Asker: 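Quick one: the structure is below, questions incoming.
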Amino acid sequence: MKIINRILIAPILVLQLICSSSKVVGQNAHTSKKNKKIEVYTTAENTNLRLSLSNNFISKPTSQQKTSTVSINLDPEKTDQTFLGIGGAITDASAEVFAKLSPKKQKEFLTAYYDKNKGIGYSLARTNIHSCDFSSDSYTYVQEGDKDLKTFNIDHDRKYRIPLIKKAIETAGGKLTLFVSPWSPPAFMKDNNDILHGGVLLPEFAQSWANYYVKFIKAYEKEGIPVWGLTIQNEPMAKQRWESCIYTPEAERDFLKNFLGPTLEKEGLGAKNVIIWDHNRGDMLTTRANLVFSDPEVSKYAWGIGFHWYETWNGGAPKFESVGEVHKAFPNKNLIFTEGCIEKFDAAKFQFWGNAERYGLNMINDFNNGTVAWTDWNILLDQNGGPNHVGNFCFAPIHADTTKDELIYTPMYYYIGHLSKFIRPGAKRIIQTISDKNLISTSFKNSDGKIITIVMNQSDKEIVYTLMNHDLQNTITIPAHAMQTIVY
């Protein structure tokens, strides 16, 4: 662990995000056309650059200016979807690990994620309705067999999870877009009488289960935690050894149409945003979106469709095109990435750069295909990748070594931050083109008029590119295996 300890970030690491140890040349560097200020922030492998202001990568307009081989062309007048936010899941596991930290480290952690000035400005969160695999054990909010939900209470969550969510909201400036997801109905509501191992919701408990969502949302809002929306079921086509429940496309449609949607409306929660699917990319359009969004009687209850990135589990490529297909077919519906993480935890890979590049690749491509929001999985796990009651240990952008009261910041944290810190809710994605596949890029225009361009280089060599729009042209160098954010 000595190597890891040397790269652990000092207390309030995030205070260093604005002032870098890199050779910053000309913080007020100007563009070559209308003297507009431009800022470049960089994170790069094998350097000390971590979301560092690094305007030295901008070529000076002299005879010695570097010649670019790649061009990124923006048309700020052509825009697409409106950005909702970026964030991560506040699970039982995250909350339990957070509670083990000292007050000083807790404050550092909250600042790192939720402070938009000193941290990376998370504006979105997800949390679980009773237990999931990233809980220390399985539990529900009712006694077994209580169909009428007379015993419903959220006392379990008041110990760890609710306090952390409240602190996250406070650190984020008093507002955090929160959506909630169930992993399984209680065992007695399912045909396998087991909260784990798949199974399906029994028809006679459909109304009771719809009422359960309502009770959860109202209970959390009574605690002062606004709930923006909900997904119907986490991974509805996966029989897992942890909490899980199977819904065919028709079963999910009918549950929303006949039970969940009408119940939310009846209980005064009709404005909550309902997300269907909440599973992997792939055949989302043919198996879910078409079925729900083409039926006016059920589509009226559905805000959009959520998806995960685990379709690559068998070695295949990410199916970004399926996201674009849904966006093209149903432009008035919303796409939201609801979960992704690096699986198969290995402490030797805390600083493995490929993990960060997986995040960059997915985030940029998802946004370029119409996604409005992007949600990471656990915001915090311990030094073992847990706790997880079935041993499904994974990575998080930040880990805590609870034996040493230390936070371990992985490269994933910084790559996510290149988007979450600078692209703010309400931004519009700008249509752009790029001339070389060695770089990938996306751009947004914030409501204050600032344009944000994200550029990622996965190659082993630095690349010189020219960033152009109607009133801007700059030549910039991006190091090998790096992410840059350009603000102008």
Side-chain angles (χ1 to χ4, degrees), residues 12-15 17-18 51 82-92 94-95 97-99 101 103-129 154 157-181 216-231 268-275 303 334 336-338 372-380 397-398 407 413 416-428 444 446-450 452 487:
I12 310 300
L13 146 132
V14 287
L15 293 176
L17 295 180
I18 305 304
L51 272 170
T82 301
F83 179 80
L84 176 64
I86 292 172
I90 302 177
T91 58
D92 289 315
S94 296
V97 174
F98 176 83
L101 294 171
K104 181 180 179 181
K105 286 296 178 181
Q106 288 183 348
K107 182 177 181 181
E108 177 187 340
F109 172 81
L110 290 165
T111 300
Y113 270 127
Y114 297 103
D115 190 306
K116 66 181 180 181
N117 296 314
K118 299 176 182 178
I120 62 172
Y122 268 12
S123 55
L124 180 70
R126 180 193 193 202
T127 200
N128 45 292
I129 297 177
I154 56 168
D157 298 1
R158 290 192 174 96
K159 186 174 182 180
Y160 298 119
R161 188 145 49 103
I162 286 175
L164 176 54
I165 294 173
K166 287 182 176 180
K167 290 176 181 177
I169 293 171
E170 180 183 4
T171 309
K175 182 181 179 181
L176 196 61
T177 299
L178 175 70
F179 68 97
V180 301
S181 303
F216 177 82
I217 292 169
K218 288 187 174 182
Y220 261 58
E221 295 198 329
K222 188 176 181 180
E223 292 289 325
I225 299 174
V227 175
W228 169 88
L230 63 153
T231 72
L269 300 177
K272 302 304 179 187
N273 298 282
V274 179
I275 301 163
W303 172 86
N334 299 281
I336 176 172
F337 183 87
T338 48
V372 303
W374 212 92
T375 325
D376 186 34
W377 192 204
N378 301 277
I379 56 170
L380 178 67
I398 301 178
L407 294 175
Y413 167 80
I416 296 170
H418 271 277
L419 291 94
S420 64
K421 181 175 178 65
F422 299 100
I423 307 168
R424 303 310 302 165
K428 288 280 190 178
F444 283 81
N446 283 332
S447 55
D448 64 0
K450 289 277 190 180
I452 311 298
V487 183

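If you're wondering where the values come from, they're calculated on a predicted model, not measured in any experiment. Quick note: residue numbers are just sequence positions, from 1.
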Asker: How far apart are the C-alpha atoms of Leu51 and Phe422, what are their side-chain angles, what is the distance that settles it, and do they pass the side-chain contact (heavy atoms from CB on, under 4.5 Å) test?
Answerer: CA-CA 11 Å; Leu51 272 170; Phe422 299 100; 3.9 Å; yes

Asker: Could you walk me through whether Val274 and Leu230 pass the side-chain contact (heavy atoms from CB on, under 4.5 Å) check?
Answerer: CA-CA 5 Å; Val274 179; Leu230 63 153; 4.0 Å; yes

Asker: Is any NZ, NE, NH1 or NH2 atom of the basic residue among Lys167 and Glu170 found under 4.0 Å from an Asp or Glu carboxylate oxygen of the other?
Answerer: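 So Lys167 does not pair with Glu170 through a salt bridge.
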
Asker: Please identify which of these residues, Arg161, Lys166, Lys218, meets the salt bridge (charged side-chain N to carboxylate O under 4.0 Å, His left out) condition with Glu223.
Answerer: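 Among Arg161, Lys166, Lys218, the one meeting salt bridge (charged side-chain N to carboxylate O under 4.0 Å, His left out) with Glu223 is Lys166.
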
Asker: Rounded to the nearest 0.5 Å, how far does CG of Asn334 lie from CH2 of Trp303?
Answerer: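 Spacing of CH2 (Trp303) from CG (Asn334) equals 4.0 Å.
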
Asker: Which distance, rounded to the nearest 0.5 Å, do you find between the CD1 of Ile379 and the OG1 of Thr91?
Answerer: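 Taking CD1 in Ile379 and OG1 in Thr91, the distance rounds to 7.5 Å.
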
Asker: Using 30° and 60° as the class limits, which term best fits the ring planes of Phe98 and Phe109: parallel, tilted or perpendicular?
Answerer: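 If you compare the ring of Phe98 with that of Phe109, the planes turn out tilted.
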
Asker: Give, for atom CG of Leu178 and atom CD1 of Ile90, the distance between the pair rounded to the nearest 0.5 Å.
Answerer: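 So the gap between those two atoms works out to 7.0 Å.
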
Asker: With a 4.5 Å cut-off on side-chain heavy atoms, are Ile120 and Tyr113 touching?
Answerer: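 In short, these two side chains touch, coming nearer than 4.5 Å.
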
Asker: Could you tell me the separation between the CG atom of Leu84 and the CZ atom of Phe179, rounded to the nearest 0.5 Å?
Answerer: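 So the gap between those two atoms works out to 9.5 Å.
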
Asker: Please check if the side chain of Tyr220 supplies one atom and the backbone of Val227 the other of a donor-acceptor pair under 3.5 Å.
Answerer: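 It does not hold such a pair.
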
Asker: So, do Thr171 and Tyr122 sit near enough that their side-chain heavy atoms are less than 4.5 Å apart?
Answerer: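 Side chain of Thr171 against side chain of Tyr122, heavy atoms only: no contact under 4.5 Å found.
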
Asker: Measure from the side-chain N and O atoms of Asn378 to the backbone N and O of Ser94, and report whether any donor-acceptor pair falls under 3.5 Å.
Answerer: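 Not a single qualifying donor-acceptor pair exists.
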
Asker: Should Leu176 and Leu124 count as side-chain neighbours, where that means a heavy-atom distance under 4.5 Å?
Answerer: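 Not in contact.
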
Asker: Search all heavy atoms of Tyr413 against all heavy atoms of Pro397 and return the closest pair with its distance.
Answerer: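 So the minimum-distance heavy-atom pair works out to CB-O, 3.7 Å.
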
Asker: Nearest heavy-atom pair of Leu407 and Lys105: which atoms, and what distance?
Answerer: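 For Leu407 versus Lys105, the nearest heavy atoms are CD1-O, 3.9 Å.
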
Asker: Donor-acceptor check, side chain of Asp157 to backbone of Ile162, threshold 3.5 angstrom: yes or no?
Answerer: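 Side chain of Asp157 to backbone of Ile162, a donor-acceptor pair under 3.5 Å: no, none is there.
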
Asker: With side chains defined as the heavy atoms from C-beta onward, is the minimum distance between Asn273 and Trp228 less than 4.5 Å?
Answerer: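 Counting from C-beta outward, Asn273 and Trp228 do come under 4.5 Å.
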
Asker: Given 3.5 Å as the limit, does a donor-acceptor pair link the side chain of Lys116 with the main chain of Ala172, or not?
Answerer: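 The answer is no, because no donor-acceptor pair under 3.5 Å joins these two groups.
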
Asker: Locate the shortest heavy-atom distance separating Gly85 from Ser123; write the atom from each residue and the value.
Answerer: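 Heavy-atom minimum between the residues: CA-OG, 3.3 Å.
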
Asker: Can you measure from CD1 (Ile169) to OH (Tyr114) and round to the nearest 0.5 angstrom?
Answerer: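 If we round to the nearest 0.5 Å, Ile169:CD1 and Tyr114:OH are 9.5 Å apart.
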
Asker: Under 3.5 Å, is there a donor-acceptor pair linking the side chains of Ser447 and Arg424?
Answerer: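 Not at all, the side chains of Ser447 and Arg424 share no donor-acceptor pair under 3.5 Å.
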
Asker: How many angstroms lie between atom CD1 of Ile423 and atom CD1 of Ile86, to the nearest 0.5 angstrom?
Answerer: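 Reported to 0.5 Å precision, the distance equals 5.5 Å.
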
Asker: Output, in order, the C-alpha distance, side-chain angles, deciding distance and verdict of side-chain hydrogen bond (donor to acceptor under 3.5 Å, both in side chains) for Thr338 and Arg126.
Answerer: CA-CA 8 Å; Thr338 48; Arg126 180 193 193 202; 5.1 Å; no

Asker: Is there a donor-acceptor pair under 3.5 Å between the side chain of Asn446 and the backbone N or O of Asp448?
Answerer: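 No: the side chain of Asn446 does not pair with the backbone of Asp448.
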
